[in-house]
Amino acid sequence: MGLIVQKFGGSSVANAERVMNVARIVTDTYKQGNDVVVVVSAQGDTTDDLIEKANEINPNAHKREMDQLLAAGEQISISLLAMAIEKIGCPVISLLGWQAGFNTNSIHTAARIKNIKPNRLQAEIAKHNIVVVAGFQGINRYDDLTTLGRGGSDTSAVAIAAALKADKCQIFTDVEGVYTADPRKVDNAKKLKEITYDEMLELATLGAQVLNNRSVEMAKKYGVELEVLSSLNPIPGTIVKEAAKMEKMLIRGVTKDKDVALVSILKVQDTPGIAFKIFSKLSAKNINVDIILQSFGRDGTKDIVFSVSKDNGPIAKELLEDMLDNCEIVCNTDVAKVSIVGAGMESHPGTASKMFEALYETNINIQMISTSEIKISVIIDAEDADRAVSAVHKAFIPND
Ligand code: ADP
Ligand code: ASP
Ligand code: MG
């Protein structure tokens, strides 16, 4: 018995039957004597559909209005789930983000949670209500609605678990846990029993959609242990927790991220301060640069290549063309990043060469490489990405 936060993603509440299924999971937990706070996402593809509707009318609409629109998706799910729970006969109340005390900054469509004022949540729990909260949304200091960025409901759930010091935070989704690769794309992907916050953060940042990376960051910061599990198959999922007492695996997972563009600045002047000039310009425009490669200078010039998100590629190109003379700037959006993640590689030489061998044997050319203690990423042609993930996965994760 305790306080349990349960989060259900869009596919788990996609239709009436699925909503009733979620209501049964929630009420079973409640009937076992627990207090339950439930966080839900918009049904199925609702958020995508709303974005499409907006684009039909005005693709450059103010982001404040986008938030007014997108917040509606989660409003539908909380009320429907509350009705389903009521039908089963348990006391329930649904709350929008602002009613649940979610205060955020004012960056519309990508807001950050500043704090949660938990008074209302606590009052409803004290009345023994099951509380159903709209994920992905909050309110800023001007009383305007905000949303947290795609996949943000995971972060809403972790934030509530941290604010209420919940005993458990369960993230229910449409797969049975966190796998060594996307189980919908890689045949032999294996479900992990457990994974560290740091490894999960890397996997999420490098393209494993199953958890939003900010939610993992927050779970680590506040020590919220997460369980990722299926809403359709009630078996134990994957635990995301601190590294202590966890077996180190060489590779915990392989990911693919297609949201990458490469910008190449060819034959730029080889003088002191040029890198500073380029990257300070990009950072002033909030363009996040990921991997950077610089060639040796020759005949007074050098090449600088860097990766950014796909949207930012053409923007960076245009900015730099306005700033730099006498050089050529090329933006390639047909690239992808494939990565391996695992704390075991820290103490295991030869991990990189094993990854490169797998790519070589599949005849895939590497354009850029970046490494950290627990990850190795390569940039390759987008059309090679799926083959690369399969080849690298096969090299590191044995078949049963
Ligand atoms: P939800 O709607 O429940 O938030 P998401 O679609 O955001 O669910 O995330 C679940 C999906 O993440 C899965 O259907 C799966 O295809 C994908 N996925 C990608 N990488 C992984 C991985 N390593 N482990 C599990 N699922 C993954
Ligand atoms: N509904 C939002 C989205 O589709 C938030 C979420 O699902 O977590 O991104
Ligand atoms: Mg999600």
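Numbering of ligands and ligand atoms starts at 1, following listing order.
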Within-shell test, Gly253 vs ligand 1, heavy atom, strictly < 4.0 Å: no
Sub-4.0 Å heavy-atom approach of Gly177 to ligand 1: yes
Should Ile397 and Ile376 be counted in the same cluster of Ile, Leu, Val, Met, Phe, Trp and Tyr side chains packed under 4.5 Å apart? yes
Between Glu74, Lys7, Gln43, which one has a non-hydrogen atom sitting closest to atom 2 (C) of ligand 2? Glu74
Of the choices Arg252, Lys190, Gln209, which has the non-hydrogen atom that lies closest to atom 7 (O) of ligand 1? Gln209
Heavy atom of the protein closest to [atom] (residue, atom name, distance):
atom                    : result
atom 23 (N) of ligand 1 : Tyr179 O, 3.0 Å
atom 2 (O) of ligand 1  : Gly10 N, 3.2 Å
atom 4 (O) of ligand 2  : Arg150 NH2, 2.9 Å
atom 8 (O) of ligand 1  : Thr173 OG1, 3.1 Å
atom 4 (O) of ligand 1  : Lys7 NZ, 3.1 Å
atom 7 (O) of ligand 2  : Ser41 OG, 3.3 Å
atom 12 (O) of ligand 1 : Val210 N, 3.5 Å

So is Gly152 in contact with ligand 2, going by heavy-atom distances below 4.0 Å? yes
Other residues, nucleotides and ligands only: do more than 12 of their heavy atoms fall within 6.0 Å of CD on Gln99? yes
Step through the shown structure and confirm whether more than 12 heavy atoms of other residues, nucleotides or ligands are within 6.0 Å of CD on Glu318. no
Atoms in ligand 1 with a heavy atom of [X] nearer than 4.0 Å:
X      : result
Val178 : 24 (N)
Gly9   : 1 (P), 2 (O), 3 (O), 4 (O)
Pro183 : 24 (N), 25 (C), 26 (N), 27 (C)

Below 3.5 angstrom, do we get any N/O pair linking Asp174 and ligand 1? yes
If you measure every N/O of Asp182 against every N/O of ligand 1, is any gap under 3.5 Å? yes
State whether Asp48 and Arg150 are salt-bridged, where the test is any N-O pair (Lys NZ or Arg NE/NH1/NH2 against Asp/Glu carboxylate O) under 4.0 Å. yes
Using a strict cut-off of less than 4.0 Å between a Lys/Arg side-chain nitrogen and an Asp/Glu carboxylate oxygen, indicate whether Asp270 and Lys302 qualify as a salt bridge. yes
Give a yes or no answer on whether the side chain of [X] reaches the backbone of [Y] with a donor-acceptor pair at less than 3.5 Å.
X      : Y      : answer
Thr27  : Ala23  : yes
Thr29  : Ile25  : yes
Asn213 : Ala204 : no
Glu202 : Val341 : no
Asp303 : Lys267 : yes

Taking atom types as modelled, is there a side-chain donor on Thr238 or Glu227 under 3.5 Å from an acceptor on the other? no
Would one find an N or O of Thr47, backbone or side chain, under 3.5 Å from an N or O of ligand 2? yes
Would you say Gly151 has any N or O atom under 3.5 Å from an N or O of ligand 2, going by distance alone? yes
Spacing of Gln137 atom CD and Ser41 atom OG [to the nearest 0.5 Å]: 10.5 Å
